[in-house]
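Atoms within each ligand, like the ligands themselves, are counted from 1 in listed order.
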Amino acid sequence: MPETLSIIDNRTGKKYEIPVVHDTIKAMDLRQIKVADEDFGLMSYDPAFMNTASCQSRITFIDGDKGILRYRGYPIEQLAEKSNYLEVAYLLINGELPTEGAPKDWAYHITHHTLLHENTKKFMEGFHHDAHPMGMLISTVAALSTFYPEAKNIRNPETRKLQIYRLIGKMPTIAGYAYRHRMGLPYVYPDNELSYTGNFLNMMFKMTELKYKPNAVLERALDILFILHADHEQNCSANVMRSIGSSLADPFCAMAGAAAALYGPLHGGANEEVLSMLREIGTKDKVPDFIKRVKAGEGRLMGFGHRIYKNYDPRAKIIKETADQVFEVTGRSPLLDIALELERIALQDDYFVKRKLYPNVDFYSGIIYQAMGFPTDAFTVLFAIPRTAGWIAQWQEMLLDAEQKIARPRQVYLGAEKRNYVPIEKRV
Ligand code: ACO
């Protein structure tokens with residue numbers, strides 16, 4: 001059976017054979033299809049990239065219909081149960097699980113790049129007292145580019161490696177500073193004796209104690225949440241990371257752009273929106289009325305639906321189990337009952353069933369974060385920290401892919417034809 005697609009252009013009667021590789025045709029192969037020699041050639045039109053692969057990737061596999069998510073071939077369920085965030089970050093970026101010795105080396109380098117330049121505090125001070133932590137995080141990540149000008153040597157593997165340590169190491173510190181600034185609390189320096197998530201909890205919540213001791217259950221729960229958020233193939237922010245990176249900008253600037261994309265309420269900002277929604281509903285008995293309003297088009301059920309998952313989001317399943325462990329320590333959040341009721345009703349309602357809308361990763365993560373003591377507007381920051389590994393993996397894969405060039409989509413121009421400038425006194 002020939003691995004080609006036959007196309008007959010009914011405008012000309014001409015027939016074309018287009019190669020099919022990995023169930024894909026190359027959009028550039030359509031360009032030869034023309035009515036006249038001087039034509040530009042056929043393009044595909046795909047707003048929001050609904051059916052366009054922008055790259056070949058070996059990082060993350062998702063089968064949305066079956067609810068499958070794998071990093072470098074490893075099922076997310078196994079990684080969440082057996083691995084830890086730093087090991088998963090290594091896997092995503094380097095392609096393989098680290099062998100004996102390597103994890104220590106990897107963790108050592110990341111741990112020794114957690115400090116921020118002291119000047120960071122000065123511009124942190126410039127933010128308004130109630131500045132959103134994501135705005136502070138985005139700006140500070142971009143500002144790191146000015147501290148490390150050598151980062152622009154993106155073709156040098158050793159320079160790239162150093163920026164990777166810096167980005168993974170410093171993201172929790174920036175997040176900690178942003179939170180402490182918001183609360184009017186003194187900044188907490190990293191503690192190298194703690195784990196990645198233990199240290200993050202330290203930089204957020206340490207008060208007057210000499211040494212912060214993270215609760216082991218919460219530390220592990222956060223680690224699991226970080227694993228679940230580490231990558232998700234060509235989502236909106238990964239696409240931004242690749243796109244900015246394709247102009248050969250340094251990784252700090254590219255990541256600031258990716259984090260900005262994550263901030264939006266349809267992407268990583270959804271966990272914050274879920275909490276606002278649950279608070280607005282207020283009590284379990286108001287859930288049916290809220291669902292009615294969603295169905296009438298008066299807003300969305302935040303934390304539900306996904307562009308790719310048209311079955312259960314496997315991350316949501318793991319998060320629900322993690323929630324139980326967290327609530328044993330923190331006590332049960334009253335918002336959980338509202339969330340469970342929303343899920344129960346939505347999963348049997350025709351509107352949601354027909355549209356294949358299921359809880360996504362954000363539906364329960366916010367309730368866990370709230371129970372752990374994180375303020376609502378820090379939730380998206382909690383998404384950005386672990387996603388750093390995914391953004392870096394996607395960025396590096398793009399840089400090393402010989403087929404990639406500066407990202408530059410085409411458009412279908414529907415505007416005015418050429419017309420002559422009219423002086424203002426003659427305009428009607
Ligand atoms: N609540 C109510 N209706 C919904 C929802 C929702 N959460 N999501 C989709 N729909 C409806 C749409 O109104 C549309 O209905 P229609 O066919 O009658 O017009 C249909 O389902 C398809 O929706 P689209 O917006 O076309 O789906 P798309 O794939 O573009 O959107 C998205 C996916 C953005 C995630 C969407 O489901 C949504 O807005 N969800 C709420 C926000 C959210 O939770 N985002 C987090 C996503 S996960 C992440 O980024 C980490």
Side-chain angles (χ1 to χ4, degrees), residues 46-52 60 62-65 67-69 71 76 134 224-241 258-278 280-281 287-320 335 338-339 341-369 376 379-391 394:
D46 189 10
F49 306 120
M50 297 286 287
N51 196 38
T52 294
T60 292
I62 301 175
D63 184 328
D65 292 328
I68 293 174
L69 169 62
Y71 296 158
I76 192 67
M134 270 308 275
I224 293 174
L225 285 158
F226 278 13
I227 292 171
L228 300 181
H229 285 89
D231 191 51
H232 213 231
E233 54 119 308
Q234 305 313 311
N235 55 83
C236 179
S237 55
N239 185 52
V240 170
M241 184 81 194
L262 187 77
Y263 190 10
L266 295 189
H267 192 8
N271 52 16
E272 192 178 332
E273 300 285 326
V274 170
L275 251 270
S276 310
M277 172 187 80
L278 295 176
E280 186 197 316
I281 295 171
V287 168
D289 185 50
F290 180 80
I291 297 262
K292 214 189 272 173
R293 282 192 279 138
V294 168
K295 285 162 62 177
E298 292 171 30
R300 290 201 161 188
L301 178 47
M302 298 311 286
F304 257 68
H306 199 278
R307 170 63 59 79
I308 305 289
Y309 294 119
K310 300 301 175 194
N311 193 317
Y312 215 86
D313 179 340
R315 300 168 300 174
K317 225 182 227 169
I318 301 168
I319 286 188
K320 221 171 153 184
L335 296 178
I338 303 172
E341 183 66 359
L342 270 175
E343 182 180 354
R344 190 188 67 78
I345 297 184
L347 291 185
Q348 54 193 0
D349 189 299
D350 230 30
Y351 175 95
F352 298 92
V353 174
K354 251 204 223 137
R355 290 170 177 79
K356 300 188 173 177
L357 301 171
Y358 294 89
N360 60 47
V361 68
D362 288 322
F363 193 64
Y364 286 104
S365 63
I367 307 176
I368 301 184
Y369 293 145
T376 314
F379 292 177
T380 312
V381 171
L382 288 159
F383 194 151
I385 295 172
R387 186 51 63 87
T388 301
W391 287 329
Q394 299 287 343

* Nearest heavy atom to atom 38 (C) of ligand 1 wins, so pick from Lys295, His229, Met277, Arg300. => Arg300
* **Top protein contact for atom 33 (C) of ligand 1, by heavy-atom distance** => Arg307 N, 3.7 Å
* To do: Around atom 50 (O) of ligand 1, find the nearest protein heavy atom and jot down its residue, atom name and distance.
  => His267 ND1, 3.0 Å
* For atom 10 (N) of ligand 1, which candidate among Leu301, Leu357, Asn271, Val294 holds the nearest heavy atom? -> Leu357
* **Sidechain-backbone polar pair: Asp46 side chain, Thr52 backbone, donor-acceptor under 3.5 Å** => yes
* To do: Could you check atom 21 (O) of ligand 1 against the protein and tell me its nearest heavy-atom contact, residue, atom and distance included?
  => Arg355 CD, 3.3 Å
* Candidates Phe363, Tyr364, Tyr309 - the one meeting side-chain contact (heavy atoms from CB on, under 4.5 Å) with Arg315 -> Tyr309
* Asked: How far is atom 40 (N) of ligand 1 from its nearest protein heavy atom, and which residue and atom is that?
  -> Phe304 O, 2.9 Å
* Structure fact -> Min over Phe352, Tyr351, Tyr358 of heavy-atom distance to atom 3 (N) of ligand 1 lands on Tyr351
* For atom 42 (C) of ligand 1, what is the nearest protein heavy atom, given as residue, atom name and distance? -> Met302 CE, 3.4 Å
* Asked: Starting from atom 43 (C) of ligand 1, which protein heavy atom do you reach first, and at what distance in Å?
  -> Ala270 CB, 3.5 Å
* Protein heavy-atom partner closest to atom 45 (N) of ligand 1 - residue, atom, separation in Å -> Leu266 O, 3.2 Å
* Identify, for atom 48 (S) of ligand 1, the protein heavy atom at the shortest distance, and state residue, atom and that distance. => His306 CD2, 3.5 Å
* Asked: atom 49 (C) of ligand 1: which of Asn360, Asp362, Val274 has the nearest heavy atom?
  -> Asp362
* Compute the ring centroids of Phe383 and His232, then answer whether they are less than 6.0 Å apart. => no
